[in-house]
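Atom set for the values below is all heavy atoms of this structure, side chains included, hydrogens, waters and symmetry mates excluded.
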Amino acid sequence: MEQTLSVTYLNCGFCTAKNHCDACGRELDEALLRKPGIRAARVNVPERTLRLTHCLDPDDLEDLLDAMGLLVG
């Protein structure tokens, strides 16, 4: 399934400035791609969107994203 989700909150532990730049998006892309069930991922920080191709049910996807510090709405 391919989805585009709105990111309402982004928490990245490696960002000391907390201004969430493109580097945060790339790190999250790479982290998402290591997760089971995620086939493609692109976090666009300035637009606050997440494009995913996955095979997860909605509850599992929400739990995975929440655990990674991404809240979507």
Side-chain angles (χ1 to χ4, degrees):
M1 171 188 303
E2 188 173 315
Q3 285 184 285
T4 300
L5 305 167
S6 294
V7 175
T8 58
Y9 177 76
L10 172 68
N11 179 25
C12 53
F14 47 85
C15 182
T16 56
K18 299 299 179 204
N19 59 354
H20 306 301
C21 62
D22 285 334
C24 295
R26 284 190 302 276
E27 292 282 341
L28 288 166
D29 293 346
E30 293 169 8
L32 280 163
L33 289 172
R34 291 190 295 268
K35 301 295 183 183
I38 303 295
R39 295 186 181 121
R42 173 69 177 112
V43 179
N44 186 316
V45 174
E47 292 182 10
R48 304 187 67 79
T49 58
L50 167 61
R51 292 189 62 152
L52 284 176
T53 303
H54 64 90
C55 61
L56 301 172
D57 70 45
D59 289 334
D60 289 341
L61 179 61
E62 184 177 346
D63 291 344
L64 179 128
L65 295 176
D66 186 44
M68 294 182 70
L70 284 165
L71 297 180
V72 296

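- A continuous path of Ile, Leu, Val, Met, Phe, Trp and Tyr side chains, each step under 4.5 Å between heavy atoms, connects V7 with L33, placing both in one hydrophobic cluster.
- Rounded to the nearest 0.5 angstrom, R42 CZ and L52 CG are separated by 12.0 Å.
- The line from CG of L50 to CG of L5 is 5.5 Å long, rounded to the nearest 0.5 Å.
- With sequence neighbours excluded, no residue satisfies side-chain contact (heavy atoms from CB on, under 4.5 Å) with S6.
- We find the CD-CG distance between E30 and L32 to be 10.5 Å, quoted to the nearest 0.5 Å.
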Side-chain donor-acceptor distances from residues 56-73 under 3.5 Å, at least two apart:
residue: D57; atom: OD1; partner: D59; partner atom: N; Å: 3.0
residue: D57; atom: OD1; partner: D60; partner atom: N; Å: 2.8

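- Every residue was checked against the salt bridge (Lys or Arg N to Asp or Glu O under 4.0 Å) condition with R39, not counting sequence neighbours, and none meets it.
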